[in-house]
Amino acid sequence: MGVPELQGVNVGGLTIAYRRAGTGAPLVLLHGAYEDSRIWERQLADLSDEFTVIAWDAPGCGGSDDLPPDFAGSLGLVLDGLLAALGLTGERRPHVLGLSFGSTVALDLVGVAPQAAQTLILASAYAGWAGSLPPEEVDRRYAQVLAELDRPATEIIPAWLPTLFTERATPAMCDLVSRVMADFRPSGMRALLELAGRADYRPVLPTISVPTLLLYGSEDARSPVSVGEALRAQIPGAALEVLPGVGHLSFIEDPHAFDGAVRRWVRAHLGASQPDGR
């Protein structure tokens with residue numbers, strides 16, 4: 001299947017890489033931890049028939065620069081800078097889809113720039129680990145990732161896969177995730193862990209003023225549906241959709257159901273200034 005070539009722009013002195021495909025209403029995809037924009041291979045292909053699909057590489061991932069040691073901003077500000085650089089402002093505000101760690105970036109975005117997104121889609125989402133999980137689980141996950149950064153990717157990937165998929169995931173699905181995770185940069189992940197590993201976005205939730213869809217796999221072991229129900233209770237007017245029979249990486253395990261939910265959401269929320277989706 002393949003993915004579009006990487007492009008890059010300067011955002012506050014950082015090179016931020018992204019992939020772009022299609023035309024129509026802009027849809028920005030934010031990947032999870034240990035990943036980069038290649039993880040969205042299927043969505044870049046399938047959803048670009050109707051939307052302008054843009055998948056970023058978070059700082060420290062893929063083709064993007066690592067965060068500098070003296071970084072004093074936030075990932076939301078970096079994303080806001082990317083949107084501005086790509087002209088995705090005003091009438092071209094995008095629909096922003098954040099997956100897992102990417103959902104916290106989306107929450108950070110609306111925290112620093114409340115109207116930067118036209119709508120939010122938060123998939124397998126957290127209000128940050130500290131905002132959605134018990135303190136002991138936050139400590140466990142933080143310590144786990146910190147320890148993994150000193151180990152070869154080939155040693156850590158087999159332990160991750162069962163937490164990302166159900167037992168029904170195919171070898172091809174696991175291979176895609178393994179290939180992407182194998183290229184993670186310890187320096188980049190370490191900076192992201194320090195910046196976001198103990199983040200708590202609960203104060204942002206009641207301030208969200210754009211339509212928000214919460215999208216969860218019914219068998220997600222890392223971010224269970226109960227986390228989505230808690231977010232729905234705190235985000236004004238949020239909708240919750242549960243995809244049956246899939247786990248944390250629902251967009252890979254059942255792309256037809258996941259992409260269908262995204263299509264319906266974006267179609268239902270096309271701005272009045274975009275009557276033809278452009």
Side-chain angles (χ1 to χ4, degrees), residues 29-43 58 60-61 97-107 122-186 188-190 192-193 196-199 201 214-231 240-255 257-258:
L29 308 180
L30 312 175
H31 61 79
Y34 285 116
E35 300 168 359
D36 59 51
S37 55
R38 292 173 297 163
I39 206 74
W40 297 110
E41 177 180 298
R42 178 69 179 263
Q43 286 67 40
C61 303
L97 192 167
L99 182 284
S100 191
F101 158 73
S103 71
T104 69
V105 179
L107 290 174
L122 305 177
S124 306
Y126 309 96
W129 282 347
S132 293
L133 302 173
E136 59 273 15
E137 178 63 10
V138 176
D139 291 343
R140 187 196 69 78
R141 293 191 185 194
Y142 192 98
Q144 174 193 345
V145 174
L146 192 62
E148 288 172 346
L149 299 181
D150 295 323
R151 298 169 58 193
T154 53
E155 291 184 7
I156 69 174
I157 291 171
W160 271 89
L161 292 177
T163 74
L164 302 176
F165 292 118
T166 70
E167 60 188 13
R168 292 179 292 279
T170 67
M173 295 171 184
C174 295
D175 180 64
L176 168 62
V177 175
S178 298
R179 285 187 287 110
V180 173
M181 289 185 68
D183 292 334
F184 87 89
R185 298 202 301 276
M189 272 299 299
R190 191 179 305 275
L192 293 179
L193 181 66
R198 298 190 184 279
Y201 289 101
L214 303 164
L215 200 54
Y216 283 76
S218 66
E219 299 182 35
D220 189 340
R222 291 194 61 81
S223 184
V225 174
S226 59
V227 171
E229 292 169 341
L231 293 183
L240 173 64
E241 182 167 347
V242 178
L243 303 177
V246 292
H248 196 62
L249 300 187
S250 56
F251 68 105
I252 295 176
E253 200 163 3
D254 192 347
F258 184 94

I need the minimum non-hydrogen distance between G102 and L30, along with the two atoms involved.
O-CD1, 3.5 Å
Side chain to side chain, D36 and V180, heavy atoms closer than 4.5 Å
yes
A125 versus L231, closest heavy-atom pair with distance
CB-CD1, 4.0 Å
Strictly under 6.0 Å, is that where the ring centroids of Y142 and W129 end up?
no
Could you work out, with ring pair (Phe, Tyr, Trp, His ring centres under 6.0 Å) as the rule, every residue matching F165, not counting sequence neighbours?
none
Looking at E148 and R151, does any basic side-chain N land under 4.0 Å from a carboxylate oxygen?
no
Of all heavy-atom pairs between G245 and T166, which one has the smallest distance, and what is that distance?
O-CG2, 3.8 Å
Of the non-hydrogen atoms in F184 and M189, which two are nearest, and what is the gap between them?
CD1-CG, 3.8 Å
Heavy-atom closest pair (A127 atom, S132 atom, distance to 0.1 Å) is N-OG, 2.8 Å
Rounded at 0.5 Å granularity, tell me how far CG in L176 sits from CD1 in I252.
4.5 Å
Could you tell me which residues satisfy ring pair (Phe, Tyr, Trp, His ring centres under 6.0 Å) with Y201, sequence neighbours excluded, listed by chain and number?
none
Verify the distance criterion only: is there a donor paired with an acceptor across the side chains of S100 and H248 at less than 3.5 Å?
yes
List for me each residue that meets side chain to side chain donor-acceptor pair (under 3.5 Å) alongside Y126, sequence neighbours excluded, and say none if there are none.
R141
Drop me the distance from F101's CZ to E35's CD, to the nearest 0.5 angstrom.
10.0 Å
Tell me if a side-chain donor or acceptor on S103 pairs with a main-chain N or O of G98 at a distance below 3.5 Å.
no
